[in-house]
Amino acid sequence: MTEPLVSVRGLTVDYEVDGQLQRAVDRVDFDVAPHGALGLVGESGSGKSTIAFSLARFLPAGAVISADHLIVDGVDVLSLGTRALRDYRRTRIGFVYQEPARALNPTRTVGSQVAETYRLQGLRAAAARRATLAAFDDVGLPDPPQLVHRFPHELSGGQQQRVVIAMALAADPRLLILDEPTTGLDSRVEAEVIALVGRLRRERGFATLLISHNLPLVASHAERIGVLEHGELVEYGEAQDVVEKPQHAYSRLLVDAVPPLDAPSRPVVPSHAEPLLSVRRVTKRYGSALALDDVSLDIGRGEVLGLVGESGSGKTTLGRVIAGLARAEGAVTLNTTDAASKVPVQFVFQSPDASLNPRRTVRQTLARSIQLLHGETDPEELALSTGLSPDVLDKLPDELSGGQKQRVAIARAFAGRSPLVICDEPTSALDVSVQAKVLDLLVELQERTGVSYLFITHDLAVVRRIAHRVAVLRHGRIVETGSVDDVLGDPRHPYSASLVDAARSLRGGTTRSVPITAAA
Amino acid sequence: MTVTAALPDAEIAELLVSPRTRSSRLRRWRVLVARPSFTISAVIVLFWVFAAVGWRLLGLDPFADTGQRLSAPSAAHWFGTDRIGRDVFARVLAGAEPALLVGPFGAALATALGSTLGLIAGYRRGWVDQLFMRGFDIFLTLPTLIFLLVIVGAFGGSPLTIIIAVGILFAPGIARIVRAAVLVEMGKQYVPSARIQGESAARLIFRELLPNVWPQVLVQATLSIAGAIFISSSLSFLGLASAPPSPDWGLAVNENRTYLQAAWWTLAFPTLAIASLVVSLNLIADNFREVFRR
Amino acid sequence: MTVSFSSDANASVQASARRGLAVLRGRHNQVPRLIGQRLLQVPLVLLVVSVLVFWLIKIVPGDPGRNALGQYATAEQVQAWNEAHGLTGPIVERYFSWLIGFVTGDWGTSLIYGAPVRDLVIERLGNSLFLGAVAFVVLVPVAFALGALQARREGSRTDRALTIGLMSLASVPEFVVGVLLLIVFSLTLGWFPIQSSISLDGAPGDVTRALVLPAVTLALGYLSVLARMTRTGVLETLDSQYYRTAVIKGLHGAPLTVGHVARNAVIPTVSLLGIYLGSLLGGSAIVETLFGYPGLGALLVSATVEKDIFLLESGVMVTGVISLLALLLTDIALVLIDPRVRFEEGE
Amino acid sequence: ATSTASGDDAEGSGDAVYRIGITEPGAEIDPLTVADSDAQLIAGLVTEQLVSFTADGEALPRLATEWSASEDGLTWTFTLRDGAVFNDGTPVTAADVVATFDAIIGEDSVSPAKSAFTGILASVADAGDGDVAFTLARPFSDFPRLLAGNNTGILPADYEPGTWLDEPVGAGQFLLEDYKVGQSITFAKNPDYWNADEIELDGVELKIYKDPQASVLAFQAGDIDRISITPDVLATVDVDDYDTLSSGYSYFYGIHLNVTEAPFDDPTIREALAWAVDRQGIVDNVYGGTAAVGNDYPVLPDYLPQPEGIPQREQDLDKVAELLDGRTVSFTITTSFQLFGEVLQQQLNAVDGFDVELEVLSDEQYYAEGADSPWLNAPLTVTSWGKRVPSQYYGLFYADGAAWNAAHYANPELARLVGDFDATTDEAEREGLLTEISQIEWADVPTIIPALARSEVLQSKRVQGEFIAPLDFWSGYNFAGISVEGK
Ligand SMILES: Nc1ncnc2c1ncn2[C@@H]1O[C@H](COP(=O)(O)OP(=O)(O)OP(=O)(O)O)[C@@H](O)[C@H]1O
Ligand SMILES: Nc1ncnc2c1ncn2[C@@H]1O[C@H](COP(=O)(O)OP(=O)(O)OP(=O)(O)O)[C@@H](O)[C@H]1O
Ligand SMILES: [Mg+2]
Ligand SMILES: [Mg+2]
């Protein structure tokens with residue numbers, strides 16, 4: 001056996017909270033081989049990100065980290081001086097941060113932020129620019145020469161995430177740490193990105209640490225998998241073993257919770273004479289770029305319309321137009337009869353992080369929503385109904401894990417009775433077990449209250465679970481609509497077909513076969 | 001091996017309160033009170049508040065001639081005496097009254113006015129913004145002095161007048177800063193999130209946006225206190241208004257500045273009084289920020 | 001009930017036409033628009049200000065004739081003097097005659113100095129711009145550096161000490177700070193002249209020596225506020241995820257501070273800078289008075305107190321243009337620094 | 001010469017320049033209308049008057065070499081100096097003198113000097129042979145003093161009012177070389193001055209300090225050669241390092257009591273107030289000792305004659321108690337001189353029976369135009385008065401209907417006595433009349449004059465020679481015999 005690239009023994013991290021230590025990671029041991037790939041899975045708050053940051057030795061003030069040893073590429077990370085630490089970060093590791101929207105500096109173009117990393121590697125300006133364009137291309141960003149000049153807020157969520165990946169790869173690291181790198185991506189791009197990472201890993205010879213709550217995804221990439229629960233590594237072994245013969249109860253839970261792609265879909269809702277929502281010939285431009293191109297669709301009462309499409313296809317934009325948050329050409333008509341629903345459309349935003357006011361507690365947010373939407377519940381009840389424990393109520397968004405934030409965002413939309421809820425990837429940040437629960441919840445809520453959803457997602461399994469009908473969006477155009485079974489089972493449009501294929505292949509193999517590049 | 005991460009000073013670690021805690025407010029208060037810079041500052045501010053309210057009860061006479069002109073600090077006159085023989089200690093304590101009237105209230109008025117207008121301008125943008133901003137521009141362009149002269153000329157130099165003058169004078173600047181901060185906040189998702197729930201503009205402005213621009217507002221508020229205390233002194237520097245024999249700190253600074261070389265105590269103690277108040281308020285604000293971060 | 005969100009097609013077409021090429025979208029286009037808009041608004045603002053000044057100065061106590069002729073002149077003489085100097089008659093008429101004169105370049109004669117207002121104002125303006133620019137150049141880097149240092153060491157002794165120092169400084173009025181500086185550096189050490197009545201064409205050494213103390217006093221007056229704002233801004237930035245990302249990238253030193261901290265931290269401070277720049281360039285009455293520096297600020301104070309309306313109006317117009325330009329600059333800077341900032345009504 | 005940096009390049013070039021700090025003149029400079037002392041100084045260095053006075057009150061011939069009054073005291077004839085020329089080279093003639101005074105007393109004159117001559121000077125005429133005849137409306141024995149008043153510098157007959165700064169004309173000691181508005185004014189010696197031989201200076205520089213503290217610092221640093229003594233200057237500067245020039249009495253502050261309204265319509269209250277004031281305290285606290293205790297009549301101590309035998313008022317609390325008889329008097333002091341107001345208020349509030357408020361106004365507010373101007377209407381005002389002869393003060397603020405009679409006081413007896421006094425030239429008779437006048441003013445107390453102030457200055461030791469009189473218009477800003485160490 002060769003010397004491992006990463007060798008961790010007895011890693012323990014405590015956060016200092018009001019003068020008391022709270023353990024986040026408890027004596028964790030693992031290795032990563034020089035070109036190896038380790039996957040870490042675990043529920044929200046189990047310490048995954050903390051481990052990732054420990055490897056970069058970048059923990060917030062107040063964190064105390066200790067380990068018997070923590071070696072990366074022959075470097076004893078915990079003993080580095082300031083300068084050495086800087087060099088270590090610059091040359092040995094790449095880091096893909098969990099929340100791309102916040103990992104990018106809002107005041108600078110995305111291109112300059114990636115080029116900066118190349119400059120750090122010693123490239124000259126022109127070379128760095130060229131390398132940036134190439135890297136954008138590599139991670140599947142459209143039209144790089146134009147995109148590099150955009151600011152983060154002008155990109156779609158998936159595009160932002162890809163920029164962050166490109167930025168991490170630019171460092172040409174020995175160890176690439178990916179902390180939930182694909183949460184915002186559709187299944188096809190997700191697969192592509194993972195394949196890309198896998199390919200680059202082999203080509204350039206770096207090791208990866210992939211963190212995700214998406215077990216199939218991790219399994220498709222990693223050789224070994226570690227399962228974390230409450231800061232402890234409860235299972236650690238070959239990927240295949242973990243997925244096929246999970247030992248620990250929690251691992252089993254994770255495996256079982258993966259939504260099957262061929263589960264029975266919900267029957268189509270018999271169409272009313274008058275749809276709840278009708279969108280006619282909506283066109284939206286950002287500058288000269290078309291984000292929506294002549295989109296028309298209907299949603300019936302009590303119907304869930306799944307909206308799928310690759311990243312940047314205009315899903316969020318359509319949602320915003322329907323909600324009245326963005327102006328566009330065309331007509332959006334909502335026929336509500338329920339006079340009580342003062343606020344007819346609710347929105348669960350793609351990035352819950354930004355959609356919660358950082359200075360208001362969960363309780364304040366929920367209470368206000370209940371008030372505004374004339375709900376008949378109270379914050380406690382609302383929190384419980386979305387699987388939030390009541391003690392989060394007095395926390396501020398920054399004190400919540402990603403999953404919790406998303407649940408707050410969902411809870412908020414259901415604070416009252418709005419006939420239409422637009423869910424923009426509401427489960428993308430959730431770990432599978434929670435995701436399943438939330439989906440159950442959303443279905444239950446929908447059935448109980450009879451609202452309609454426009455359900456935006458890139459996860460076809462999720463669509464199958466929740467949607468009655470599905471619409472496929474590509475480059476701002478609806479390329480296919482129909483029942484879930486029709487579109488997913490027998491896609492007519494080649495683009496739909498490729499989406500379905502990608503999803504299947506990613507899930508089909510539970511070992512680390514990488515579907516898209518399998519031929520290679 | 002144990003490494004404390006990214007921590008310049010062990011002391012801070014102890015004082016820093018991390019997010020994601022279950023800690024109660026009470027606990028944070030305890031941390032706050034344990035910090036010397038907070039406690040001392042609080043004591044100083046309280047001291048001045050008591051002085052402002054209760055100096056008469058102490059039997060001090062800030063107006064009488066003690067018979068000794070410009071005598072240096074001594075046991076009889078702790079802070080010495082001034083050019084017409086008044087006890088500087090008595091004057092400094094009594095001066096807390098006008099200072100605490102004009103400073104905090106003037107600053108509060110300016111901050112309330114400025115941040116409200118700034119919030120509205122930044123939130124509404126478009127023509128409302130243009131209208132407000134050009135309105136502020138008028139105030140920023142109009143010489144301060146004319147403004148003060150008109151106000152003081154028309155209404156005299158009473159504390160109330162000065163408070164109003166400070167309020168009107170400082171508001172446009174604060175408004176601009178708040179507006180700039182709001183313009184940035186408007187780019188964040190929580191604004192449409194609230195709007196889509198049918199949140200009213202007023203609540204959006206004051207409940208959603210205001211807490212997020214609060215740090216800037218707070219800085220402006222604490223800083224305008226000193227400015228407010230000085231309005232009267234600057235006015236009297238330019239020979240425009242004065243209210244002798246008021247022991248007002250600002251006025252004292254101007255009245256005695258010509259004795260800087262000859263009788264430093266007449267100038268130093270009122271200045272120290274102002275500084276102690278302003279510094280304390282700022283330190284209190286700092287500590288709050290650090291302990292109740294987020 | 002039918003709720004319709006039918007959108008305004010026209011507006012969005014216009015919007016897209018305005019924005020032009022995708023690459024140039026947003027900020028590059030906002031700037032010319034901003035400038036164009038402001039060029040229309042600035043004269044309007046000035047017009048309002050000039051009317052206000054003309055009207056408000058009436059309320060200011062004092063009478064130019066009495067000021068000129070003193071205590072012993074009779075009321076009739078004062079009246080005659082005022083008449084001779086065109087200070088009587090309907091205010092509207094006088095305003096328009098001033099306005100027409102001003103626009104056509106005839107700014108009138110100063111009542112106090114008996115000199116042409118235009119020469120007086122233009123000369124002083126030059127001096128004020130010079131001093132203000134020097135003070136600004138001294139002020140901004142120092143304030144930013146101190147604020148940043150404090151933020152990096154938040155809660156430390158350095159931070160506390162600087163807070164105490166800066167806030168104490170903010171608690172001492174300019175005219176005391178200035179006198180202290182004069183006593184130490186001019187009287188005791190003899191490094192700088194007591195009075196800074198300079199002529200800008202003098203020997204560079206002399207000009208510099210004369211400028212140091214007023215510029216420093218001026219800068220100190222704004223230092224604490226600016227440093228404090230910077231501190232707050234930097235603190236917010238250091239809390240951000242993108243800052244952490246940049247650190248993990250291995251960035252450090254200038255690229256980190258300039259690229260990922262300075263820009264973002266400076267956003268809330270920018271509008272303050274505009275106000276400061278305006279007031280620095282427009283002259284500071286107190287510093288000029290203390291140091292005898294021939295700037296616009298003190299001139300305007302004299303003009304106000306002595307009710308020299310022609311001098312005052314022209315001076316106000318000139319300083320007004322300066323401060324409005326400074327404010328415009330800040331708005332431009334804001335757009336350039338933060339691409340998210342939009343001045344139009346949001347979508 | 002421009003003044004850079006410390007502004008001492010005049011010294012640098014080796015010139016002997018006397019440097020004075022002034023505050024900014026508050027109005028356009030025209031010798032005929034200048035009103036504030038700084039503007040007067042600027043004009044006075046360039047222009048020359050007919051006569052001037054020494055600190056002791058002795059008359060000095062300037063453009064006039066001799067003068068005399070007619071028997072009836074109604075005509076004064078002044079003989080002009082031969083060979084005196086204006087700085088543009090034209091000789092000073094009787095026509096110029098006539099034109100100057102016509103401009104002052106003329107119908108449409110805006111010269112503040114006009115009020116000094118109103119009711120006294122009827123007309124001026126060229127009497128031939130270089131003589132000028134002044135015809136008076138009533139006899140006025142102190143007439144030559146009026147010719148040393150402000151605005152009395154002789155200007156050419158063709159002088160156009162308002163053009164002086166363009167062409168600073170005059171027959172005085174210096175030539176105005178450079179006027180930098182708001183900064184400094186430089187003067188060079190006038191080689192054609194009639195007394196040029198005695199002017200040893202190469203020039204004078206007036207430096208403008210807008211802030212008094214700046215001028216103290218400048219004086220300490222040696223940038224200027226003189227500074228007026230005030231309490232803060234005395235406290236700050238080491239007096240021994242400088243020469244103290246104790247010049248004549250030149251002004252006082254009068255406390256005017258409105259006798260037509262409560263509380264000061266009651267003479268006992270006015271008197272009580274006069275006995276309550278601690279005059280020495282005012283001399284010390286307000287003037288830093290550079291004043292004499294006053295006795296409520298406006299006769300400066302260096303004026304001749306002096307009233308005799310009127311008891312000096314001093315603070316006498318028993319008398320106050322007796323006069324007030326248990327009453328408590330409340331009123332407000334209105335003034336633009338803060339220190340005086342503060343000290344007075346402090347003194348009175350320390351006396352039983354007085355409850356005094358203070359209102360300090362800016363000069364502009366205090367001397368506001370209009371019928372309700374504070375300085376002429378408030379119940380108790382404190383106003384400054386410059387050097388005058390006693391009967392002029394009568395005309396200023398005691399005479400019934402006088403424009404500045406803030407006390408609203410009237411006494412026909414006093415009017416008669418002042419008329420007699422002005423008409424008399426006999427010294428003994430004048431002393432008697434002045435005593436009677438002063439006695440009335442003392443007893444009626446329309447105005448309390450607690451102190452009479454001297455202009456005292458500190459002067460750098462580099463200055464040699466003694467000023468004959470203070471630098472003031474009545475002394476003709478006389479620089480004869482003054483020199484400074486060159487460098
Ligand atoms: N700065 C901090 N201060 C105190 N506690 C923290 C801090 N950051 C994380 N924690 C705590 O440490 C634990 C692990 O957090 P971590 O972010 O590593 O979880 P995670 O597995 O990445 O979760 P998620 O999937 O939601 O991102 C959590 O209980 C969290 O509350
Ligand atoms: N403010 C903006 N300015 C310019 N272009 C924008 C802006 N917002 C979005 N776009 C562009 O519009 C297109 C559609 O974006 P949208 O956010 O609707 O995508 P999406 O389908 O939601 O993608 P994802 O699944 O990645 O979230 C993308 O190409 C994006 O770059
Ligand atoms: Mg995480
Ligand atoms: Mg999206």
Side-chain angles (χ1 to χ4, degrees), chain B residues 8-9 11-12 15-16 37 124-127 129-130 134 137-138 140-143 145-147 149-150 153-154 173 176-177 179-181 183-184 186-187 215-216 219 223 226-227 229-230 233-234 237-240 250 253-254 257 260-261 267 271 274-275 277-279 282-283 286 289-290 293, chain C residues 37 41 44-46 48-49 52-53 56-57 59-61 153-156 159-160 163-164 167-168 170-173 175-176 179-180 183 224-225 228-229 232 236 267-268 270-272 274-275 278 285-286 289 300-301 304-305 312 316 319-320 323-324 327 334 338 340-346:
Chain B
D9 193 337
E11 187 201 3
I12 314 171
L15 298 173
L16 261 178
S37 61
R124 291 295 306 270
R125 295 185 278 192
W127 67 268
D129 182 29
Q130 297 287 341
R134 298 301 81 78
D137 286 357
I138 292 176
L140 291 172
T141 313
L142 202 65
L145 196 70
I146 298 201
F147 198 77
L149 270 175
V150 168
R176 277 197 85 92
I177 290 161
R179 164 183 170 269
L183 284 177
V184 172
M186 287 300 288
Q216 310 299 343
V219 172
L223 286 170
I229 295 178
F230 281 130
S233 116
S234 300
F237 175 82
L238 297 169
L240 300 177
V253 169
N254 185 50
R257 68 195 174 88
L260 183 58
Q261 294 178 71
L267 183 63
T271 307
I274 298 173
L277 181 66
V278 174
V279 168
N282 276 286
L283 286 180
D286 278 4
R289 195 196 125 87
E290 284 153 26
R293 180 190 310 252
Chain C
Q37 207 176 44
Q41 290 169 346
L44 265 178
V45 171
L46 289 178
V48 174
V49 169
L52 276 178
V53 168
L56 286 177
I57 195 72
I59 307 175
V60 172
R153 304 259 171 94
E154 193 199 359
S156 71
D159 179 26
R160 295 275 184 265
T163 299
I164 294 174
M167 288 304 115
S168 305
S171 316
V172 185
F175 51 79
V176 174
V179 170
L180 277 173
I183 290 176
S224 36
V225 185
R228 189 101 190 129
M229 287 291 284
T232 311
E236 300 272 292
I267 291 170
V270 163
S271 34
L272 194 66
I275 297 173
I286 289 180
T289 301
L300 288 192
V301 171
T304 310
V305 175
L312 182 64
V316 169
T319 48
S323 52
L324 291 175
L327 293 176
L334 203 58
D338 193 334
R340 290 167 301 179
V341 167
R342 286 274 172 285
F343 293 115
E344 306 111 54
E345 252 160 305

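All heavy atoms count here, side chains included; hydrogens, waters and symmetry mates do not. Below, chains carry the letters A, B, ... as their sequence lines are ordered, and counting in each starts from 1.
- Neither the backbone nor the side chain of B/Ala181 comes within less than 4.5 Å of any heavy atom of chain C.
- Proximity to chain B (any heavy atom under 4.5 Å) is restricted, for C/Leu312, to the side chain, taken from C-beta onward.
- By the 4.5 Å heavy-atom criterion applied to side chains, B/Arg257 and B/Asn254 are counted as neighbours.
- Using a 4.5 Å cut-off between heavy atoms, B/Ile138 touches chain C through backbone and side chain atoms alike.
- Listed options C/Leu300, C/Ile275, C/Leu52 were ranked by heavy-atom pairs under 4.5 angstrom with chain B; first place goes to C/Ile275.
- The residue among B/Leu277, B/Val253, B/Ile177 with the most heavy atom pairs within less than 4.5 Å of chain C is B/Ile177.
- Heavy-atom minimum distance, C/Met229 versus C/Leu272: CG-CD2, 3.5 Å.
- Looking at every heavy atom in both residues, B/Ala275 comes nearest to C/Ser168 through CB-CA, 4.1 Å.
- Interface remark: C/Val48 contributes side-chain atoms only to the contact with chain B (heavy atom separation under 4.5 Å).
- When the salt bridge (Lys or Arg N to Asp or Glu O under 4.0 Å) test is applied to B/Arg176, the partners found at least two apart in sequence or on another chain are B/Asp137, C/Asp331.
- Here the side chain of C/Asp338 pairs no donor or acceptor atom with the backbone of C/Leu334 at under 3.5 angstrom.
- For chain B, the nearby part of C/Leu324 is the side chain; its heavy atoms alone come within less than 4.5 Å.
- Contacts of C/Ile183 with chain B are made by side-chain atoms alone, with heavy-atom separations under 4.5 Å and no backbone atom involved.
- In this view, B/Thr271 satisfies the side chain to side chain donor-acceptor pair (under 3.5 Å) rule with no residue, not counting sequence neighbours.
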